[in-house]
> 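Here it is: the structure, laid out below.
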Amino acid sequence: MPELPEVETTRRGIAPHVTKRRVLKVIVRQPNLRWPVTPSLVDELPGHVIDKVDRRGKYLLLKTRIGTLLAHLGMSGSLRVLNTNKSPSKHDHLDIIFEGDRLLRYSDPRRFGCILWEPNPIESHPLLQSLGPEPLGDGFDGEYLYHNSRKRVASVKTFIMDARVVVGIGNIYANEALFMAGINPKRAAGKVSRLRYRALADRIKEVLNKSIKVGGTTLRDFTNSSGNPGYFKQSLQVYGRGGMACQKCQRPLSQIRLGQRNTVYCPHCQK
DNA sequence: CGAGCAACCTGCATGC
DNA sequence: TGCATGCAGGTTGCTC
C-alpha cells in the first residue's frame with residue numbers, strides 16, 4: 001500500500017496524537033508479521049512517553065527515552081488513532097494504548113509489515129543501515145543518480161525503486177516520475193544521461209511532494225490515521241492506465257512486466 | 001559486486 | 001454458486 005507519501009501522511013496524522021503521550025499498555029494479538037513482533041516490546045514500552053515520531057524511508061520511528069519502536073506498513077498496513085472503546089477486527093494485530101482514552105492500532109491484512117522494538121540507538125539498526133538518501137532531502141539530486149548509476153545494466157525503473165539507491169519510491173511513483181521525465185523505464189540505468197537524471201530527480205521530488213500535499217494515493221484501502229483516503233489517485237498519469245490513451249500524445253500506453261512489477265509507460269513520449 | 005527472482009500472506013477481480 | 005487463477009502499494013535473501 002504505502003510508498004513514501006502514504007507513510008509520511010501516516011506520520012503527520014499520528015504525531016499530534018501520540019507525541020508527549022505516555023504508553024499504558026501494548027496488546028499483541030498476532031505477532032507473526034514479516035518478522036515476529038519483538039517480544040520485549042510489551043514489557044518495555046509501557047510507562048514511557050513517545051518523544052517524537054520520525055520517518056526514515058518507509059519506516060516510522062516512534063522514539064522514547066529508552067528505545068525506538070520501528071514500524072513498516074508493508075503492502076497493506078496502516079496505523080490509526082482510535083478511542084479505546086473501538087473493538088478490534090480481523091487484521092488489527094497490535095494496539096498501543098495510551099493514558100487517557102486513545103490508542104494507536106496497527107492493522108495489516110497481508111502481514112508484510114513489521115513492528116520491532118529497538119532499545120539501542122536506532123541509527124545502527126540493521127534495517128536502516130544500507131538505506132540510500134531521502135528523495136526529498138539534500139543528499140538527493142540528478143548528480144547523485146547519475147554518479148551512482150554508471151555501469152549499471154538493470155533498468156532505470158528498478159534502479160530508482162532500490163532502497164539502497166534512494167528510499168521511498170515504490171511502483172506507483174516510479175512509473176509516474178519516469179513518465180513525467182520522459183524516460184523509458186526499460187532503459188539501462190547506466191545509459192541515462194546526466195541531464196535526464198536531473199529531470200528525473202526533479203520530477204521525483206515533484207510527484208512525492210504533490211502526493212503528500214493531498215494525503216497520498218488511495219488505490220483500494222489506504223487511509224490516513226483518521227480513516228480518510230488520499231486524493232492523489234486522480235492525478236496519476238500512467239499507473240493503472242495500461243492500454244488507455246497517453247495524456248500527452250493520445251497514443252495507447254504500454255503495460256509490461258519489469259522486475260516482477262507492473263510497468264506502464266508511453267513508448268512515444270518516453271525514450 | 002550486481003541482476004533476477006522466489007518467498008512471505010490475504011483479499012479481491014476475473015473466468016470457467 | 002463455486003473453484004482456480006492471477007494480481008496487488010514492499011523487501012529480504014537466495015542463486016547465478
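In what follows, every chain begins at residue 1, and chains take the letters A, B, ... in the order their sequences are listed. Excluded from the calculations below are hydrogen atoms, water molecules and symmetry mates; all remaining heavy atoms, backbone and side chain alike, are included.
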> Go nucleotide by nucleotide along DNA chain B from the 5' end; which of S155(A) and P109(A) gets its closest nucleotide reached first?
S155(A)

> Would T263(A) and K157(A) count as having a side-chain donor-acceptor pair, cut-off 3.5 Å?
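Note: T263(A) and K157(A) side chains meet the donor-acceptor criterion.
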
> Looking at dT10(B), dG10(C), dA8(C), which one has an atom nearest to any side-chain atom of K58(A)?
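Looking only at heavy atoms from C-beta outward on K58(A), the closest nucleotide is dG10(C).
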
> Write down the distance between CG (D162(A)) and P (dG13(C)), rounded to a whole number of angstrom.
14 Å

> If I take atom CG in residue L219(A) and atom P in nucleotide dC7(C), what distance separates them, rounded to the nearest angstrom?
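Value for this atom pair: 17 Å.
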
> Are H72(A) and dT11(C) close enough that a side-chain N or O sits under 4.0 Å from OP1 or OP2?
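For dT11(C), OP1 or OP2 has a side-chain N or O of H72(A) closer than 4.0 Å.
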
> Choose from dG11(B), dA8(C), dT12(C) the nucleotide whose nearest atom is closest to any side-chain atom of R257(A).
dA8(C)

> Among side-chain atoms of R251(A) and H268(A), is any donor-acceptor pair under 3.5 angstrom?
yes

> Identify which nucleotide among dT12(C), dA3(B), dG11(B) has an atom closest to any side-chain atom of A154(A), counting heavy atoms from C-beta outward.
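It is dA3(B).
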
> Any luck finding a side-chain donor-acceptor pair between S40(A) and D43(A) under 3.5 Å?
no

> How close or far is atom C1' of dC1(B) from atom CZ of R152(A), stated in whole angstroms?
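Answer to the nearest Å: 10 Å.
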
> Should the pair D54(A)-K63(A) be classified as a salt bridge under the 4.0 Å nitrogen-to-oxygen rule?
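Here D54(A) pairs with K63(A) in a salt bridge, since their nearest N and O are under 4.0 Å apart.
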
> Check each residue of residues 110-121 of chain A for a non-hydrogen atom within less than 4.0 Å of any atom in DNA chain B, then write out the ones that pass by number, or none.
R110(A), R111(A), F112(A)

> Please determine, for dC9(B), whether a Watson-Crick or G-U wobble partner exists with both distances under 3.5 Å, and give it or none.
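Paired with dC9(B), as far as the under-3.5 Å criterion goes, is no nucleotide at all.
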
> Are F179(A) and L208(A) connected, step by step, through hydrophobic side chains (Ile, Leu, Val, Met, Phe, Trp, Tyr) whose heavy atoms are closer than 4.5 Å?
no

> Separation of N171(A) atom CG from dA8(C) atom P, in whole Å?
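Nearest whole value for this atom pair: 8 Å.
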
> In terms of the nearest nucleotide of DNA chain B, which residue is placed more toward the 5' end: H91(A) or R34(A)?
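Nearer the 5' end of the strand: R34(A).
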
> Is the shortest side-chain N/O distance from K151(A) to OP1 or OP2 of dC1(B) below 4.0 Å?
no

> Taking atom types as modelled, find out whether Y173(A) and T217(A) have a side-chain donor-acceptor pair closer than 3.5 angstrom.
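Result is yes, a qualifying pair exists.
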
> In Watson-Crick or G-U wobble terms, both distances under 3.5 Å, what is the partner of dG9(C)?
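Base partner found: none.
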
> Calculate the interatomic distance between Q129(A) atom CD and dT12(C) atom C1'; express it in whole Å.
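For the pair Q129(A) CD and dT12(C) C1', the rounded distance is 16 Å.
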
> Contact class for N262(A) vs. all strands (heavy atom < 4.0 Å): base, sugar-phosphate, or nothing?
sugar-phosphate

> May I ask you to establish whether R150(A) and Y146(A) are in a cation-pi arrangement, using a distance under 6.0 Å from NZ or CZ to the six-membered ring centre and at most 45° from the ring axis?
yes

> To the nearest Å, give me how far apart CZ (R164(A)) and C1' (dT11(C)) are.
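Atom CZ in R164(A) sits about 10 Å away from atom C1' in dT11(C).
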
> What integer distance in Å separates L73(A):CG from dG10(C):C1'?
11 Å

> Report which part of the nucleic acid F232(A) touches: base, sugar-phosphate, or nothing (heavy-atom distance under 4.0 Å, all strands).
nothing

> Taking CZ from R150(A) and P from dG2(B), how many angstroms apart are they, rounded to a whole number?
14 Å

> Should L253(A) and R241(A) count as side-chain neighbours, where that means a heavy-atom distance under 4.5 Å?
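Of all side-chain heavy-atom pairs linking R241(A) with L253(A), at least one is under 4.5 Å.
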
> Under 4.0 Å between a Lys/Arg side-chain N and an Asp/Glu carboxylate O for R56(A) and E134(A)?
yes

> With respect to the side chain of L127(A), which nucleotide from dG9(C), dG11(B), dT12(C) is positioned closest?
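It is dT12(C).
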
> Need one value for K233(A): base, sugar-phosphate or nothing, where a base atom within 4.0 Å counts as base even if backbone is also close, heavy atoms only.
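The residue K233(A) makes no contact with any strand.
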
> Y239(A) near the nucleic acid: base, sugar-phosphate alone, or nothing, with a heavy-atom cut-off under 4.0 Å?
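Sugar-phosphate contact only - Y239(A) comes under 4.0 Å of backbone atoms but never of a base.
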
> Is R261(A) touching bases, backbone alone, or none of the nucleic acid, heavy atoms closer than 4.0 Å?
base

> Taking only the P atom of each, what is the distance from dC7(C) to dC5(B) in whole angstrom?
15 Å

